[in-house]
Amino acid sequence: MTDYNFREIEKKWQKFWQEQGLFQVDVKDRSRSKYYCLVMFPYPSSELHVGHGRNYIIGDAVVRYKVMKRFAVLSPMGWDAFGLPAENQAIKHKINPKDWTLRNIKRIKEQLSSWGIMYDWRREITTCLPDYYKWTQWLFLKLYENGLAYRKKAQVNYCPSCQTVLANEQVMEGKCERCSTPVIQKDLEQWFFRITAYADRLLEDLRLLNNWPERVKLMQKNWIGRSEGVEIDFALENSDKKIKCFTTRVDTIFGATFLAISFEHPLAEKLIADSPHKQEIKAFLQKAKSQPKSARLLDSFEKEGVFCGKYALNPMTQERIPVWIANYILAEYGTGAIMCVPAHDRRDYEFAKKYNIKIKEVIKPLSGSEEDVYEGEGILINSGQFSGLNSSLAKKKIAEFMEDKGIGRRKIHYKLRDWLISRQRYWGAPIPIIYCPNCGVVPVEEEDLPVLLPENVEFLPTGQSPLNFVKEFLNTTCPHCGAAAKRETDTMDTFVDSSWYYLRYISPQEHRLPFITEDVNRWLPVDQYIGGVEHAILHLMYSRFINKFLYDLKMVSFSEPFYSLFTQGMIVKDGFKMSKSKGNVVAPDYIVDTYGADTMRLYILFMGPPEKDAEWKDEGLVGCFRFLKRCWRLLDMREELDWQQSNNNQDADQRLKRKIHQTVKEVTKDLESSFQFNTAIAMIMELVNEIYKSINVNPPLVEKSVFEEAVKTLFLLLAPFTPHISEEAWQRMGEKNSIFQSFWPSYDEKVLQEKKVNIAVMINGKVRDHLEIDVSMPQEEIESAALSLAKVKELLGSSPPQKVIYIPGRLVNIVN
RNA sequence: GCCGGGAUGGCGGAACUGGCAGACGCGCCGGUCUCAAAAACCGGUGGCCGCAAGGCCAUGUGGGUUCGACUCCCACUCCCGGCACCA
């Protein structure tokens, strides 16, 4: 009996694959179909724990499978290396963020290799190195050139702890996505990318993404938040001014009994200028302004407002309706002012009740509704010439009427906001812009890229970019007029770096261009993208946007970068996400040393459906170890059993052959149609059980050739999951080439056919007996055989059956 | 509040298109080997009743459709995720 010496085996083959360059690909290779498998690149902070491992292991299994299917497989890896953690660590330990980052990269690379995860490391990219961020800056310039990067003063989300602004997408429930500090609002001059210009396309093209999880598409759809409606002009009484209001429910216009505008609305100050209650109103405005935006999220947030003293006219009824200033109106959405229909909107209703404003019903529910406020659609009442119409028709008719009269127009609004990319921090790609006293905002010339990030910097956060204090960086000359000028000192959001990295892998060393269009067009869209669902909105939306922009520049020929997306679930321990602070991390180095990388890989793939969260259990790991040892022992059986004397048992041969083909079929199906590694592995375990059944007597029940076929198939099927043991077994069985240079096994439908099957005999849907039948037997014969079973006769008694249902190969159901 | 997803043994999870619920693994129980233990191997393992043959009950709850429902329909409970005063 040989020892399963996984430590030796794993080292041996890792070295072999690396030296043979087995997982390298030439992008010019057109001899085979291409397959681009992309695993989201990690942020290189500290070392990996098993919770991090899942996506790399899934990716590696896919890659190895596709290699065996003879695709030219591109499997690259890189590092999303700019960002706050590096900077914070650097501040804490007084080291350079670059050193810290590069050290982590080295460590993580070693870990990935020790798990047998293969990448084409010649394509490695690191976003914090100049040969990469040069092209991130280039991307900025292109966006600027095309009017899609712009600077404006705006109320922005600011994290007081990270001392930097955040994009909308990085604010979670009013808190900083990174550190959970409540976000405050600041008025700052910042750079934005005009992602809103792509809102409709980002929404529309979700339809093309058939192989994306439905929920990710939904999240993006909700985030884009398209709504169709009408923008209505409300004339102010005794004034030539108008208040524009956006509504999706123009069918309720006859019930609009007041207007409400945001306290930040540009008209707010003017409206109250000659009010006798000016002081009170100002006090209210003050109070509203002082409330943090995050307070709105609380249940306790109370809707408050104040009558500004002016009236507007309802354009349909000509009724005078009061204009209120209210704290619940969002300045940044729509026009910052709304028409209020208290009878059909709960928020307006609450407000109207509180301040005694008229409530007028204009929609009759289709079926009786008991509620005070009916928010659904129905039949219009009290709505002049439009009474009697249903809501959806009325929306159309009223919109047309308003457009005719020039008092309103159809509009589409999005929740999506432009992407704020300025960060007041050091560890990021500098924004390639120069401010000249004569020429104003001047982009850095393309040939002057990269704008190098200086290395010896005092980077304590101050709310200003640390680059402000680096004179050599800050002071420059204007590329236009040569005057002394200053550089932009903010750096870019790291999501800019990762919005295009999947393109750079194709041409990682190219120095004239970010990538070579011809090669990119051959290799993309990415065939399979794998990563965490936490990127459902941020990274995946930004990448889609940038890709569409490059598409418009004709630099890429595909409008979506990722054809197929797989989001894996987390590995949890004791019910929580693994994290150092919780102290529940499982160290992969220990697992690899004690049980081997193959065991760890197998267990992570077997622990449950890969898209769902899974609980790490050491016992489960041990089970997988046991299984691999069981597979290993089969290799000894080749020599130890007395094959000369083997029983000439054709039934056993047939049974094992059938199992082999059945397993190939099922495993292939699980890998092709979806990522059901757990069931694929279960099938392989069944095959092993079946093999043991046919050899657990000596001499064995099956012929040696059938046994050999079974064991070879076993290791071929295992190869994507447990590559090291499979390679070793392959060699031990006398094969000369790598198992990854052999073919994925195929199956023969004919071998799968069984001659005899055992079917269930049911009475009224309950299983009462079983019957062994020949598959070729005619239905009548099967039915009569079932009816003549002693058990059936007894239960049926004398009454004849009313009906007999036969489902071929499965069951007979007798109804009486 | 709105939009998704989910609930199956002691545990993780299987189940084709409506067709024998519980594959596979873990755990547990029994056995073989051993001075003993571990490892390994073999067998058993949803619950209840029964010596047994067998029977009854069981896929979150309550109804429905069907010869037949984990699967389809209606109502409800709980859990997870996303969005959240978006007019």
Side-chain angles (χ1 to χ4, degrees), chain A residues 1 172-174 213-223 225-227 229 245-250 252 256 260 296-299 301-303 326-330 332-341 344-348 350-351 375 413-417 533-534 536-537 569 602-603 606-609 611-624 626-627 629-630 633 666 669 676 678-689 692 696 758-770 791 801-816:
Chain A
M1 185 106 114
M172 302 293 165
E173 295 177 340
E214 242 8 82
R215 62 176 179 145
V216 172
K217 286 193 276 185
L218 259 159
M219 280 160 75
Q220 293 214 354
K221 186 180 169 213
N222 292 339
W223 189 262
R226 178 191 153 102
S227 48
C245 296
F246 176 72
T247 181
T248 54
R249 290 299 302 274
V250 75
T252 63
R296 290 181 175 185
L297 301 171
L298 303 173
D299 287 340
F301 183 77
E302 201 165 334
K303 290 177 184 51
N327 64 351
Y328 72 98
I329 311 303
L330 298 170
E332 63 276 16
Y333 185 79
T335 61
I338 62 167
M339 69 172 210
C340 299
V341 185
H344 304 294
D345 182 288
R346 183 152 298 279
R347 296 157 301 178
D348 299 345
E350 274 174 42
F351 195 83
E375 294 188 296
H413 274 283
Y414 296 93
K415 286 195 222 176
L416 184 70
R417 301 291 137 75
V533 75
E534 65 274 17
I537 295 171
L602 188 70
Y603 174 54
F606 182 60
M607 63 198 305
E611 69 280 5
K612 292 218 296 205
D613 288 355
E615 172 84 27
W616 179 277
K617 292 247 194 305
D618 290 341
E619 296 84 1
L621 182 82
V622 175
C624 287
R626 203 176 290 157
F627 170 73
K629 282 192 287 187
R630 206 163 137 80
R633 209 174 316 114
E666 296 294 322
K669 196 185 83 197
Q676 292 177 53
N678 53 331
T679 49
I681 292 165
M683 280 302 293
I684 298 174
M685 288 171 168
E686 283 188 55
L687 172 63
V688 171
N689 293 342
Y692 271 100
N696 64 8
N758 196 18
I759 62 167
V761 178
M762 297 172 137
I763 295 175
N764 296 330
K766 285 193 183 232
V767 184
R768 294 300 175 180
D769 206 347
H770 286 90
K791 187 111 184 259
Q802 289 181 17
K803 205 176 0 167
V804 179
I805 295 155
Y806 173 59
I807 306 295
R810 290 192 183 276
L811 55 85
V812 176
N813 189 14
I814 300 159
V815 187
N816 82 332

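Convention: sequence-line order gives letters A, B, ...; per-chain numbering from 1.
When distances run from any side-chain atom of A:Ile338 to the nucleotides B:A87, B:A39, B:C41, the shortest one goes to B:A87. Counting only heavy atoms from C-beta on, A:Arg626 has its side chain closest to B:A40 among B:C42, B:C20, B:A40. Nearest nucleotide to the A:Leu811 side chain, out of B:C83, B:C24, B:C20: B:C20. Minimum atom distance to the side chain of A:Asn813 is reached by B:C67, of the listed B:C67, B:A21, B:G82. Taking every side-chain heavy atom of A:Ala682 into account, B:A23 is the closest of B:C26, B:A23, B:A87. Of the candidates B:C24, B:C3, B:A87, B:C24 carries the atom nearest the A:Phe606 side chain, counting heavy atoms from C-beta on.
Looking at heavy-atom distances under 4.0 Å, A:His770 makes contact with a base. Note on A:Glu686: only backbone sugar-phosphate atoms sit closer than 4.0 angstrom, heavy atoms only; bases stay farther off. Looking at heavy-atom distances under 4.0 Å, A:Asn678 makes contact with sugar-phosphate atoms alone, never a base. Using a 4.0 Å heavy-atom distance criterion, A:Arg226 is classed as making no nucleic acid contact. A:Ile805 comes within 4.0 angstrom of a base, heavy atoms only. Heavy atoms of A:Gly623 sit under 4.0 angstrom from primed sugar atoms or phosphate atoms, though from no base atom. Counting non-hydrogen atoms under 4.0 angstrom, A:Asn689 reaches the backbone sugars and phosphates but no base. Within the 4.0 angstrom heavy-atom criterion, no nucleotide atom of any strand lies near A:Lys221. At the heavy-atom level, A:Lys612 lies nowhere under 4.0 Å from the strands shown.
For B:U32, the paired base is B:A40 (Watson-Crick or G-U wobble, both distances below 3.5 Å). Pairing partner, B:G22: none, since no Watson-Crick or wobble contact has both distances short of 3.5 Å. Base-pair partner of B:G50: not found among the strands shown (Watson-Crick or G-U wobble, both distances under 3.5 Å). The nucleotide B:G60 finds its pairing partner in B:C76, both defining distances of the Watson-Crick or G-U wobble pair being shorter than 3.5 Å. Base pairing of B:G9 is not made with any nucleotide, judged by Watson-Crick or G-U wobble geometry with both donor-acceptor distances under 3.5 Å. Both distances falling under 3.5 Å, in either a Watson-Crick or a G-U wobble arrangement, occur for no nucleotide opposite B:C16. Pairing of B:G27, defined by two Watson-Crick or G-U wobble distances under 3.5 Å, is identified with B:U45. With a cut-off of 3.5 Å on both Watson-Crick or G-U wobble distances, the partner of B:A84 is given as none.
Atom CD1 of A:Ile814 and atom CZ of A:Arg768 lie 11.0 Å apart (nearest 0.5 Å).
Of the side-chain N and O atoms in A:Arg768, none sit less than 4.0 angstrom from OP1 or OP2 of B:C20. Residue A:Ser227 places at least one side-chain N or O closer than 4.0 Å to OP1 or OP2 of B:A87. Phosphate proximity of B:G19 to A:Lys766: absent, as no side-chain N or O sits under 4.0 Å from OP1 or OP2. For the pair A:Lys415 and B:C83, the criterion of a side-chain N or O lying under 4.0 Å from OP1 or OP2 is not met.
You'll find the side chain of A:Glu332 reaches within 4.5 Å of the side chain of A:Arg417, heavy atoms only.
Comparing A:Gly608 and A:Arg215 by the nucleotide of RNA chain B that holds the closest heavy atom to each, the one mapping nearer the 5' end is A:Arg215. Heavy-atom distances to RNA chain B give each of A:Ala614 and A:Gly620 a nearest nucleotide, and the one nearer the 5′ end belongs to A:Ala614.
For the pair A:Asn327 (side chain) and A:Glu302 (backbone), a donor-acceptor distance under 3.5 Å is present. The main-chain N or O of A:Met685 is never found under 3.5 Å from a side-chain atom of A:Arg630 such that the two would form a donor-acceptor pair.
With 3.5 Å as the limit, one finds a donor-acceptor pair spanning the side chains of A:Tyr328 and A:Asp348.
Only the P atoms considered, B:C42 is 11 Å distant from B:G25, to the nearest whole Å.
Taking the six-membered ring where the residue is Trp, the centroids of A:Phe627 and A:Phe606 are separated by 6.0 Å or more.
Checked by distance alone, A:Arg810 brings a side-chain donor or acceptor within 3.5 Å of a matching partner on the base of B:C16.
For the pair A:Lys303 and A:Phe351, the cation-pi test (distance below 6.0 Å, angle within 45°) is failed.
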